[in-house]
Amino acid sequence: MEPASAVRRAKHLGAGVAARQAACESARASKMLNETLEDLGRLRESVALECKLAGGRDGKGALPEDFWPTYSAMANTDGGVVILGMRERKGHFEPVGIENPDKVRTELFNHLNNRQKVSANLLTDQQVREWRVAGKTLLVVEIPRARRQQRPVYLTPNPLGGNTYRRLNEGDRPLPDEDVKRMLAEQMEDSRDSRILPLFGLKDLDADSLKAYRNIFRADKPDHPWLALDDQGFLRMLGGWREDRATGEAGLTLAGLLMFGQWIAISEALPHYFLDYQERPADYATSVRWLDRVVPDGAWSGNVFDFYRRVVTRLTADLKVPFVLKDGVRQDDTPAHKALREALVNALVHADFSGRLSVLVVKEPAGFSFRNPGGLRVPAALALQGGVSDCRNRTMQQMFLMIGLGERAGSGMSRILHGWQDLGHTVRLVELFEPQEHSVLEMRWAVAELAPPSSVESSVESSVETSATLLALLEQNPKLTSPTLAQRLGLTPRAVEKQLAKLKAQGRLRRVGPNKGGHWEVLEP
């Protein structure tokens, strides 16, 4: 039936993954809409679904007043579906119907186009549909996720004072004014980092950071004309220094300060600014300790560029690099390296540094996660698909692009997704709203890489067949690496390395040359 597809379409267009856990429940609800009255009795409200009676005082039908907080909440979250004409009894819903659905539809659109009632009309006629169930007429209202330029969607002419809502679980919660003001800023500013900072200047920058960036720029573009400029001129071309033609104001931009500034100066402009990298052990949940951590602590500049430089080497330190030649030159860059670099740059250029949450990058045995303060500007499904770009800090994004890092045109997240998944690993993008808007990109290793070493290795050690297969592979190609052997044998790299060590001890295998660049020699038993 059409309403069932409407529910699925509403969820797809909303595309937010903040309600990922509730998506299964919502999918079950949409399936129920195609089935019997008995099945509808099992329907439950969720983040993406709400049921309301809409009977009115005379019982013939009227739009309930509590529809509007739900409209605001779903529009400001991930969209959803409201079914009008359903009664709740003891936690279950049953269709009561609407005697005069045309009256309710007219009332709905009259209010939607009244700016004294609600700030934006997001609905079309196709998104308000009648549905006949057991002789009853229901109205199914699809509420899409509002675009950034439309949010916040609020009630009355004033967005503040509890008139803006967000959907959490199955409830509509009024937003604090601080969150509403942040949404208003997001609506007005396409790029959050291009504004000029009064009274900030070159003295607030870290000279070594800017020098390091210029050196990388020079190595990547040795003949570029910007290299002849002084620091202020160079920054101006990058967008780190800007002149406002309308007002005549000139000075350091927020992007310039974030990218190359000193921590103290950055904290004056953004009191909640914080960057955090943690390498955690497997038992972090119980031990609450880390193996390595990078935060602004006064020992280094604390700016975004230097955070990237310090963290990217730690993220990729343990990645295996197979021996690959291209045009006679050793290639040390792998798809895994590229995906992690892209994920780190993506987190930094999309972060809302004005919020109370920090950028948080975590490395642990299960994989990596990148917490990005600020809501998703593009629905998650579209971001992962690629081709749609709405970067929060466009000037910083351009600064990274100028030294060969990051992607434009919305391809960054898609490259992360495909680059990581093509290796057999998993990617998940989650949008959350507590304690404040943020998103988390999770990049997890494949399950095979996380198998308990004891069970895998014990089976390897006792398997003559595995040893014979491994030796046969190395006879065919002596330059195979442990990760490649692990993939072909369906084992973990650690299990393969232990098997190689055993074969060497038995005198059946010998390593010729260094670990990187050498090869294996299979010996007679």
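Computed from heavy atoms alone, side chains included, the values below leave out hydrogens, waters and symmetry copies. Predicted model, so just to flag it, every value in this text is computed and none were measured.
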Nearest-0.5 Å distance that lies between atom CD1 in I216 and atom CG in L405: 7.5 Å
Measuring from T316:OG1 to H337:NE2, what's the distance to the nearest 0.5 Å? 4.5 Å
Restricting to non-hydrogen atoms, name the atom on A73 and the atom on D172 that form the minimum distance, rounded to 0.1 Å. CB-OD1, 3.4 Å
With rounding to the nearest 0.5 Å, note down the distance linking CD in E431 to CZ in R145. 4.5 Å
Go through it in stages, so that I can follow the logic: the residues are N346 and F370, the test is side-chain contact (heavy atoms from CB on, under 4.5 Å), and I'd like the CA-CA distance, side-chain angles, deciding distance and then a yes or no. CA-CA 9 Å; N346 183 79; F370 302 81; over 6 Å; no
Could you note down all residue pairs passing ring pair (Phe, Tyr, Trp, His ring centres under 6.0 Å) where residues 159-203 supplies at least one of them, sequence neighbours left out? none
Salt bridge or not between E178 and R182? Use side-chain N to carboxylate O under 4.0 Å. yes
Flag side-chain contact, heavy atom, 4.5 Å: Q421 against L423: no
If you look at every heavy atom in L227 and P222, which pair is closest and at what distance? CD1-O, 3.5 Å
Evaluate side-chain contact (heavy atoms from CB on, under 4.5 Å) for Q150 paired with S119, printing each intermediate quantity in order. CA-CA 9 Å; Q150 296 169 320; S119 63; over 6 Å; no
What is the ring orientation for F217 with H224, classed by angle as parallel under 30°, tilted 30 to 60°, or perpendicular over 60°? perpendicular
Do T77 side-chain atoms and R167 backbone N/O form a donor-acceptor pair below 3.5 Å? yes
Regarding T124 and Q127, do their side chains bring together a donor and an acceptor under 3.5 Å, going by distance alone? yes
Considering non-hydrogen atoms only, spot the tightest contact between P198 and E249 and give its length. CG-OE2, 3.8 Å
Should D390 and R394 count as an ion pair when the cut-off is N to O under 4.0 Å? yes
For the side chain of R115 and the backbone of V118, is there at least one donor-acceptor N/O pair under 3.5 Å apart? yes
Examine distances only and state if a side-chain atom of S191 and a backbone atom of N393 form a donor-acceptor pair shorter than 3.5 Å. no
Is there a donor-acceptor contact under 3.5 Å linking the side chains of T164 and R151? no
Is the shortest heavy-atom distance from the side chain of Y308 to the side chain of R341 under 4.5 Å? yes
Is there a ring-ring contact (aromatic ring centres under 6.0 Å, His included) between F234 and W241? Walk through the geometry before answering. CA-CA 9 Å; F234 185 72; W241 186 279; over 10 Å; no
Is the ring pair F368/W420 parallel, tilted or perpendicular, if the boundaries are 30 and 60 degrees? perpendicular
Expected output: side-chain S72 to main-chain V153 donor-acceptor under 3.5 Å: yes
Can you check whether L122's main-chain N or O pairs, donor with acceptor, with Y71's side chain at less than 3.5 Å? yes
Looking only at heavy atoms, what is the nearest atom pair of H272 and S354, with distance? CD2-O, 3.9 Å
Can you list the steps and then say if E107 with N110 is a side-chain contact (heavy atoms from CB on, under 4.5 Å)? CA-CA 5 Å; E107 185 181 356; N110 284 343; 5.6 Å; no
Look at the side chain of R148 and the backbone N and O of E186, then say whether any donor-acceptor pair between them is shorter than 3.5 Å. yes
Report the C-alpha separation of W226 and K221 in whole Å, then their side-chain angles, then the decisive distance to 0.1 Å, and conclude whether the side-chain contact (heavy atoms from CB on, under 4.5 Å) test is met. CA-CA 10 Å; W226 294 0; K221 300 175 176 63; over 6 Å; no
Could you measure the distance from the NE2 atom of H111 to the CZ atom of F67? Nearest 0.5 Å is fine. 10.5 Å
Among K203, R214, K211, whose salt bridge (Lys or Arg N to Asp or Glu O under 4.0 Å) with D231 holds? R214
Given K117 and E65, is the salt bridge (charged side-chain N to carboxylate O under 4.0 Å, His left out) satisfied, shown in steps? CA-CA 11 Å; K117 184 69 176 182; E65 190 61 32; 2.5 Å; yes
side-chain hydrogen bond (donor to acceptor under 3.5 Å, both in side chains) partner of D292, the single match among K363, R314, R280: R314
Does D204 use its side chain to pair, donor to acceptor, with the backbone of G261 at less than 3.5 Å? no
Checking W445 side chain against T426 main chain: does a donor-acceptor pair fall under 3.5 Å? no
How close do L184 and P159 get, heavy atom to heavy atom, and via which atoms? CD1-CG, 4.3 Å
Got a second to check how far N372's CG is from R392's CZ, nearest 0.5 Å? 6.5 Å
Would you call W263 and D206 a side-chain contact if the rule is heavy atoms closer than 4.5 Å? no
For the side chain of D193 and the backbone of L254, is there at least one donor-acceptor N/O pair under 3.5 Å apart? no
For T156, which residues count as a side-chain contact (heavy atoms from CB on, under 4.5 Å) partner, sequence neighbours excluded? N158, N163
With distance as the sole test, does T313 use its side chain to make a donor-acceptor pair with the main-chain N or O of R310 at under 3.5 Å? yes
Does I264 have more than 12 heavy atoms from other residues, nucleotides or ligands lying within 6.0 Å of its CD1? no
What's the separation between atom OH in Y154 and atom CG in L160, rounded to the nearest 0.5 Å? 9.0 Å
So does R293 pair up with D276, basic N to acidic O under 4.0 Å? yes
Measure across C391 and H350 and return the closest heavy-atom pair with its distance rounded to 0.1 Å. CA-CE1, 3.6 Å
Can you spot which of T70, L139, V128 makes a side chain to side chain contact (heavy atoms under 4.5 Å, CB included) with V82? T70
